[in-house]
Amino acid sequence: MSRTTSKRLSVAVLCLAFLASLGFGAEPEPPVAIEIDVSPKTLNIQSEGDIVTVHTDIPYSQVAGATVALNGVHISWWKSDNQGNFVAKFAMGAVKALYEDGSLSDGTNTLMLIGQTKSYLDFVGWADITVINVDPRGRR
């Protein structure tokens, strides 16, 4: 191996070591698990509701709100609750569309909220809800 090739190889190894120390090429961090609570707990496909609300235990100030989704449904808007935690709001029609495409079915379903913090850490939370398809006026 020539002296020039040896120097280039040494520089390349040092550059890779430096980039790895900055996080480039490193294994991605696993998502931070958070607690969530979904309302309504029973989603009636035939209801006339407008919003699905997800309360979390992650501080509002840490969340990059526009990154949040519920089973692939993008967030409609967000706010802070009275404890300073992040609350996500989703259009109920978009969540009900998951039933139409087969992603949700009658019975118990798990909803997954994903997002990112302002410091680019991923987070995830899960909650079970019940899905029904019943005329709220009692007619079939």
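From a predicted model like this one, the values you see are computed outputs, not experimental measurements.
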Taking a hydrophobic cluster as the set of Ile, Leu, Val, Met, Phe, Trp and Tyr residues connected by side-chain heavy atoms closer than 4.5 Å, whether directly or through intermediates, do Y60 and I34 fall within one such cluster?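 Yes, Y60 and I34 fall within the same hydrophobic cluster.
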Quick one: are [X] and [Y] in side-chain contact, heavy atoms under 4.5 Å?
X    : Y    : answer
K118 : V63  : no
V68  : F123 : yes
L111 : L104 : yes
D50  : M92  : no
L98  : V73  : yes
F90  : I75  : yes
T117 : I58  : yes
H55  : T53  : yes

D128/T108 under side-chain hydrogen bond (donor to acceptor under 3.5 Å, both in side chains): CA gap, chis, key distance, verdict: CA-CA 6 Å; D128 288 338; T108 302; over 6 Å; no
N/O donor-acceptor pair under 3.5 Å between D106 side chain and I132 backbone: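 Checking the backbone N and O of I132 against the side chain of D106, no donor-acceptor pair under 3.5 Å is found.
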Main-chain N/O of E35 paired to D37 side chain as donor or acceptor, under 3.5 Å: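 No.
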Which is it for V87 and W78 under the side-chain contact (heavy atoms from CB on, under 4.5 Å) test, yes or no, and what are the steps along the way? CA-CA 6 Å; V87 177; W78 56 92; over 6 Å; no
side-chain hydrogen bond (donor to acceptor under 3.5 Å, both in side chains) assessment of S76 paired with K89: CA-CA 6 Å; S76 294; K89 303 282 188 168; over 6 Å; no
Out of the candidates V124, D57, V54, only one should pair with I36 under the side-chain contact (heavy atoms from CB on, under 4.5 Å) rule; please name it.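 Exactly one option meets the side-chain contact (heavy atoms from CB on, under 4.5 Å) with I36, and it is V54.
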Side chains of N85 and T56: any donor to acceptor distance under 3.5 Å?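 There is no such pair (donor and acceptor under 3.5 Å, judged by atom type) between the side chains of T56 and N85.
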From CA spacing to verdict: side-chain hydrogen bond (donor to acceptor under 3.5 Å, both in side chains), K96, S47: CA-CA 10 Å; K96 288 179 180 179; S47 74; 3.3 Å; yes
